[in-house]
Amino acid sequence: MRRKLLFGNWKMNKTRSEAEEFALASKELLELASKHNIDIGVAPTFLSLCKVKKTNPDLLVAAQNCHYAPSGAFTGEISIPMLLDYGIKMVIIGHSERRTYFNETNKTCSMKIDALLANDMIPLYCVGETLEEFEKGITKDVIYDQIKVGLANVKKEDASKLIIAYEPVWSIGTGKNASKEIAEDICRYIRELLREMFGDVSDDIRILYGGSVKPENVKDYLLQEDVDGALIGGASLKVDSFRQLINNVIE
Ligand code: 13P
């Protein structure tokens, strides 16, 4: 039985004190969510990771990126040992904004995922097609490459640590969320690919939908058989909105 997961990706938002304010309030959110067997977490910027982790140690906290090398001449980057030093065990990999603006590829995602798993950490791997790819009808081809290349070196025994997020690029921050049918179709396809690669472990891997998820539509997604939660941008930033997301899932 896969536990539901609501995860906030804060992107480049919130100063340290704003992040702390949220983390304090999140204690009540965490209590509410765990009563209903829902996991919740957030991905703050690097500069707020430590504050959020210290303020609410029970909240799942992820970094938004990492480098695959343990150290070296990579100006501006943050390594896995540095994150571990802060108690961070989870990292978002391959978000479409990183693929688009920072030239991340399926291959570099694969290197990061391998490095995370070698350190017993959890990669939250994002996949999804652009509007052009969606309109051409090649969504599944794009997802196929992202899954097969990004997870190429993952060993069967590590696969259960993975979390996958399907985020169609055209739905991110646009208010044009994918229908629940599209979300289920693609999340189910991802699970089939995972089954080909890792066998029955695929039943334990959580697959999230992301893209304009709001309190009003979150439940529609979570009712789908292969959608195990949501990766939420804008609607995760305010405590009230996050509380509403949880409330609408459990009602
Ligand atoms: P929005 O929820 O703001 O569309 O962002 C989704 C996202 O990119 C989460 O990673």
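When a ligand or atom number is given, it counts from 1 through the structure's own listing order.
Within the structure, the ring pair (Phe, Tyr, Trp, His ring centres under 6.0 Å) test picks out the following pairs touching residues 45-81 (sequence neighbours left out): H67-F74. Pairs engaging residues 48-59 under the salt bridge (Lys or Arg N to Asp or Glu O under 4.0 Å) rule: E20-K51 [sequence neighbours left out].
Salt bridge absent: K136 and E129 never bring a charged side-chain N and a carboxylate O closer than 4.0 Å. A salt bridge between D203 and R191 is absent, with no side-chain N of the basic residue lying under 4.0 Å from a carboxylate O of the acidic one.
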In a table with atom names and distances, give each donor-acceptor pair under 3.5 Å that connects a side chain of residues 148-158 to protein atoms at least two apart or in another chain.
unit_1: K148; atom_1: NZ; unit_2: E196; atom_2: OE1; d: 2.8
unit_1: N153; atom_1: ND2; unit_2: D114; atom_2: OD2; d: 2.8
unit_1: D158; atom_1: OD1; unit_2: K161; atom_2: NZ; d: 3.0

Criterion side chain to side chain donor-acceptor pair (under 3.5 Å) on Q244 and S241, from CA distance to verdict: CA-CA 5 Å; Q244 207 51 53; S241 167; over 6 Å; no
Expected rows: ligand 1 N/O, protein N/O, dist below 3.5 Å:
unit_1: ligand 1; atom_1: 2 (O); unit_2: G233; atom_2: N; d: 2.9
unit_1: ligand 1; atom_1: 3 (O); unit_2: G234; atom_2: N; d: 2.9
unit_1: ligand 1; atom_1: 4 (O); unit_2: G173; atom_2: N; d: 2.7
unit_1: ligand 1; atom_1: 4 (O); unit_2: S212; atom_2: N; d: 2.8
unit_1: ligand 1; atom_1: 5 (O); unit_2: K11; atom_2: NZ; d: 3.3
unit_1: ligand 1; atom_1: 8 (O); unit_2: K11; atom_2: NZ; d: 2.8
unit_1: ligand 1; atom_1: 8 (O); unit_2: H95; atom_2: NE2; d: 2.8
unit_1: ligand 1; atom_1: 10 (O); unit_2: N9; atom_2: ND2; d: 3.0
unit_1: ligand 1; atom_1: 10 (O); unit_2: H95; atom_2: NE2; d: 2.9
unit_1: ligand 1; atom_1: 10 (O); unit_2: E167; atom_2: OE1; d: 3.1
unit_1: ligand 1; atom_1: 10 (O); unit_2: E167; atom_2: OE2; d: 3.0

